[in-house]
Novice: 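Encoded as C-alpha cells, here's the structure I'll be asking about.
What you are looking at is a predicted structure, and each value in this text was computed from that prediction instead of being measured. Here, residue 1 is the first one in the sequence, and each next residue gets the next number.
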Amino acid sequence: MDTPKDASSKDALARAVDLCANGEWQQAHEIVQKDNSMLAAWIHGVVHLLEGDLDNAQGWYRKTDRAYPGPEAVQAEIAAARRAVHGAG
C-alpha cells in the first residue's frame with residue numbers, strides 16, 4: 001500500500017488511528033484529509049465507518065481497492081490500520 005515517506009506524515013496517520021480507536025473521528029478526519037497517500041485514504045474510510053457515513057466510507061474504500069468491510073468490522077479495521085501505519089517504515 002502506498003504510504004507516506006516522511007516521518008511526520010507517518011506520525012500524523014498513527015495519531016489519526018489512535019483517535020479512531022478512541023472514537024474521536026472528527027479529529028482523525030482533519031488529519032487524514034490532508035494526506036494523499038493510499039494509507040490515508042483507507043483510514044479516511046475507517047473514519048467514515050465510525051461516523052456512520054457508510055456511503056462515504058464505501059467511496060474511500062473503493063479508492064484504495066480494499067474490500068468494504070461494513071460497519072461491524074470497524075474495530076478490526078482500526079487494528080489493521082494500526083499495524084499498517086507502524087509497519088510502514
Novice: What about Ile78 and Tyr61, same hydrophobic cluster or not, with Ile/Leu/Val/Met/Phe/Trp/Tyr joined at side-chain heavy-atom distances under 4.5 Å?
Specialist: yes
Novice: Among pairs that include at least one residue of residues 37-55, which meet salt bridge (charged side-chain N to carboxylate O under 4.0 Å, His left out), considering only residues two or more places apart or in two chains?
Specialist: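 Checked against salt bridge (charged side-chain N to carboxylate O under 4.0 Å, His left out) - neighbours excluded - no pair reaches residues 37-55.
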Novice: Are Val32 and Leu19 linked, directly or through intermediate hydrophobic residues, by side-chain heavy-atom contacts shorter than 4.5 Å (ILVMFWY only)?
Specialist: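 No, Leu19 and Val32 fall in different hydrophobic clusters.
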Novice: Run the side-chain contact (heavy atoms from CB on, under 4.5 Å) test against Ala80 and tell me which residues pass, sequence neighbours left out.
Specialist: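 Partners of Ala80 by the side-chain contact (heavy atoms from CB on, under 4.5 Å) criterion, ordered by chain and then number, come out as Trp42, Arg83.
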Novice: Return each pair, listed once, that meets salt bridge (charged side-chain N to carboxylate O under 4.0 Å, His left out) where at least one residue sits in residues 18-30; pairs must be two or more places apart or across chains.
Specialist: Asp18-Arg82
Novice: Minimum heavy-atom separation for Leu49 and Ala57, please, with both atom names.
Specialist: N-CB, 3.8 Å
Novice: Would you give the length of the straight line joining atom NZ of Lys34 to atom CG of Leu13, rounded to the nearest 0.5 angstrom?
Specialist: 12.0 Å
Novice: Which ring-ring contact (aromatic ring centres under 6.0 Å, His included) pairs, counting each pair once, include a residue from residues 7-41, with sequence neighbours left out?
Specialist: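 Checked against ring-ring contact (aromatic ring centres under 6.0 Å, His included) - neighbours excluded - the pairs reaching residues 7-41 are His29-His44, His29-His48.
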Novice: How would you list, by chain and number, every residue that makes a side-chain contact (heavy atoms from CB on, under 4.5 Å) with Ala12, sequence neighbours excluded?
Specialist: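 With neighbours one apart ignored, the set is Ile31.
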Novice: Is any side-chain heavy atom of Ile43 closer than 4.5 Å to one of Asp35?
Specialist: no
Novice: Hydrophobic cluster membership, with links at side-chain heavy-atom distances under 4.5 Å among I/L/V/M/F/W/Y: are Leu54 and Val74 in one?
Specialist: yes
